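Since we're looking at a predicted model, the values are computed, not measured. Here is how names work: the chains are called A, B, and so on, in the same order as the sequence lines, proteins then strands, and each is numbered from 1. What you see below is based on every heavy atom in this structure, not just the backbone, and it leaves out hydrogens, waters and symmetry mates.
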Amino acid sequence: MRTHTCGELRPEHAGARVTLMGWVHRRRDLGPLTFLDLRDRYGITQIVCDEQRAPEAHAVAKQVRNEYVIAVTGTVVRRVPETVNPKIATGEIEVVAERVIVLNPAKTPPFPIEDERGSPPSEEVRLKYRYLDLRRPRLQRNLILRHRAALAVRQYFDRHGFLEIETPMLIKSTPEGARDFIVPSRLHPGKFYALPQSPQLFKQLLMVAGFDRYFQIVRCFRDEDLRADRQPEFTQIDVEMSFATPEMIFALIEPLIEELCLLVGREVVRPFPRLPFAEAIERYGTDKPDLRFGMELVDVSPWLQDVEFVPYRRALDGGGVIKGIAVRGGAKYSRKRLDELAAVARRTGLSGLTWVKLGDGEVASAPALGPARLEALARAVGAERGDLVLIAAGPRTVVNQALGLLRVEIARREGLADGGQFRFVWITDFPMFEWEASEQRWSAVHHPFTSPRDEDVDRLETDPASVRAKAYDLVLNGVEIGGGSIRIHRRDVQQRVFRVIGLGEEEARQKFGFLLDAFEYGAPPHGGIALGFDRLIMLLAGETSIREVIAFPKTASATDLMLDSPSEVSPAQLEELGLAIISRRGE
RNA sequence: GGGGCGGUAGUUCAGCAUGGUGUAGAACGCCGGCCUGUCACGUCGGAGGUCGCGGGUUCAAGUCCCGUCCGCCCCGCCA
């Protein structure tokens, strides 16, 4: 029986007879004297096997290899000062083995179970042997943090009167939003369940049911392409409150976030700043701005009303805009570097980027503007000697997007984003709808259950573009970590919103009839938020991919290299479900 | 669907631009010997390769061309 873990023994245990079990982390064979580093998730303890004192134990120790699982019985002894190892918590003691038993031998692992020894193995190998990767300190640390965070979340909401209520995983496919993962039904051949993209409708119905304060740490599924911060299944902290205002949601979430940050020793500044969507776009070119650095977008159109330079003239006459950013110390940029930046900007559809170097006299890519004009532009964006000014002209959305991208790209390459800083910001007043050019219809920016702002409701039908939503996102260091809204709780408003997004009366009744019905039985005003748990843990852990905080993640092509999933199923299974495969790729 | 980077020993990589450089190298790991205070032990010796896969060009392909598969990043997509 194990008496202690490998991270537990201290000098005060000296003299105790103990039994440890764990993995052989490393073996140092000095001939008649062999040291074993025994590891479990609590730590590492040095085992000494002496041929003189315990020949049998020593013989076994000679044979063990890395990652063997062994049991060691022996005596804890205090190390003499010269042999103390300050790098490990148990470094002041060691266990002199009397008996070593191999519980299970192990093949040589495909990569070392250690961080910081050479380059890390490729992700492909790590994912194939995920159970070995998970032995490494990095993932152990991340998953322990994830557990502590989940626990803190549950305690926090419990303390504030919230109930964690589970919602179904087998639900109904609905229009709008991401692609659903669908699950065939054996009892109803030809019919399908869908896995939830979020428990959105259920939490609203729980409000109708009077539960008043709900939360859930819940798995969600979206069948879309992956990214470093997007997996097909991911975890949300889902929250909903009755009689809520946005202010109440902010006041609820901010202290929670603060607690979670304290888990990794980070202090945050409260309250988090608020930034209306429109302002975020104008100042940062994005609705998820990274506030760790400046380089804000400045509208320089007013200084160029009478400009003759053709690209600028065209932009202004076409109802567009001309904006710039100041890059500190950018005057030293090479031509190659500037060309690369222009290429980045072009990805957004921007036709051209003007640059002005403020060295000893201005050097510009558009000398036709003249020194006086360049000087004025530089002053307008707040650039000083030694800086670089980048100017984009064109349609407002393209200009904002291009400069927003450049801002982030430059900050990344210059290392302007301090990894030790956590800058939260609430983005508020999102527009309700955006025009889907490909489908020639309006679609909900957040989701169709989001309430329009009271003063904008009248324009739902006449001017959808101008309707703002009671929606908000929480952004941390340029990453969207959550979003929510005050919901619609009246049937008539909900139906009007459905109509705007082109959801017909009949279809609305068929897909969301239960919700519309529920609204007629005394639905309280309510609202909430969903936080991306994986992303939050990723940022707390200092990682750049959520795969590093998920025990068994999928590859960028949504496969599992360990399980080799997805996989084909037997003809019998298909038969039972009433399914037939029409064609397979490549056949 | 599109763009970019990568795939060579168990692992991480070099070699590829300009085809021939003796048997495709290095480090770590692995195997064996020696070593009584190591803790990234040391030391001596050794084994280990479908250069992702298929086709093509060539006297000759890890290296050039075409196709394809896999991993990673980005755009589209993700209410």
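- Regarding contacts with the backbone of C13(B), every side-chain N or O of S119(A) stays at 4.0 angstrom or more from both OP1 and OP2.
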Task: Pair K172(A)-Y193(A), side-chain contact (heavy atoms from CB on, under 4.5 Å): steps then yes or no - done: CA-CA 5 Å; K172(A) 182 183 167 113; Y193(A) 299 99; over 6 Å; no

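- Put simply, the side chain of E51(A) and the base of U36(B) share no donor and acceptor less than 3.5 Å apart.
- Where E114(A) and V125(A) each meet RNA chain B at their nearest nucleotide, the meeting point lying more 5' is that of V125(A).
- Nearest-nucleotide mapping onto RNA chain B: of P120(A) and E436(A), the residue sitting toward the 5' end is P120(A).
- For the pair L36(A) CG and G37(B) C1', the computed distance is 14 Å after rounding to whole Å.
- Among residues two or more places apart in sequence or in another chain, the salt bridge (charged side-chain N to carboxylate O under 4.0 Å, His left out) test is passed with D564(A) by none.
- Under the Watson-Crick or G-U wobble criterion, with both distances below 3.5 Å, U63(B) is left unpaired in every strand shown.
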Task: Test side chain to side chain donor-acceptor pair (under 3.5 Å) applied to T90(A) and Q46(A), step by step - done: CA-CA 8 Å; T90(A) 61; Q46(A) 175 165 283; over 6 Å; no

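- In a base pair of the Watson-Crick type (N1 to N3 plus N6-O4 or O6-N4) or a G-U wobble (N1-O2 and O6-N3), with each distance short of 3.5 Å, G25(B) is matched with C13(B).
- In the model, D40(A) has no side-chain atom that pairs as donor or acceptor with a side-chain atom of T5(A) under 3.5 Å.
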Please produce a list of atom pairs where a protein N or O lies less than 3.5 Å from an N or O of nucleotides 44-47 of chain B.
none

Under-3.5 Å N/O pairs linking protein and nucleotides 73-75 of chain B:
residue	atom	partner	partner atom	Å
C73(B)	OP1	R547(A)	NH1	3.1
C73(B)	OP1	R547(A)	NH2	2.8
C73(B)	OP2	R547(A)	NH1	3.4
C74(B)	OP2	A228(A)	N	3.3
C75(B)	OP2	R227(A)	NE	2.9

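- Remark: the R26(A) side chain and the C41(B) base include no donor-acceptor N/O pair separated by less than 3.5 Å.
- The partner of C72(B) is G4(B), judged by Watson-Crick or G-U wobble contacts that both fall below 3.5 Å.
- The phosphate of C72(B) has neither OP1 nor OP2 within less than 4.0 Å of any side-chain N or O from S122(A).
- Aromatic ring centres of F430(A) and Y472(A) lie farther apart than the 6.0 Å criterion allows.
- With hydrogens and angles left out, the side chain of E94(A) and the base of G37(B) share a donor-acceptor pair within 3.5 Å.
- Base-pair partner of C34(B): G42(B) (Watson-Crick or G-U wobble, both distances under 3.5 Å).
- Distances shorter than 4.0 Å separate some side-chain N or O of S557(A) from OP1 or OP2 on G71(B).
- Remark: A47(B) base-pairs with no nucleotide in the shown strands. Criterion, Watson-Crick or G-U wobble with two distances under 3.5 Å.
- Ring centroids of F533(A) and F234(A) are separated by 6.0 Å or more, keeping the two rings apart.
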Are there any protein N/O atoms within less than 3.5 Å of an N/O atom in nucleotides 31-35 of chain B, and if so, which ones and at what distance?
residue	atom	partner	partner atom	Å
C31(B)	OP1	R65(A)	NE	2.7
G32(B)	OP2	R65(A)	NH2	3.0
C35(B)	N3	D29(A)	O	3.2
C35(B)	N3	G31(A)	N	3.4
C35(B)	N4	D29(A)	O	3.3
C35(B)	N4	D29(A)	OD1	3.3
C35(B)	N4	G31(A)	N	3.2

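- Distance from the side chain of D50(A) is smallest to U36(B) among U36(B), C72(B), C78(B).
- Remark: N66(A) is in phosphate contact with C30(B), judged by side-chain N or O atoms under 4.0 Å from OP1 or OP2.
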List every contact pair, protein side and nucleotides 3-10 of chain B side both N or O, where the distance is under 3.5 Å.
residue	atom	partner	partner atom	Å
G10(B)	O2'	P110(A)	O	3.1

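- Evaluation of the side chain to side chain donor-acceptor pair (under 3.5 Å) test over residues 477-486 of chain A, restricted to residues two or more places apart or in two chains, returns T450(A)-S485(A), S485(A)-R487(A).
- Between R28(A) and C41(B) there is a side-chain N or O to OP1 or OP2 distance below 4.0 Å.
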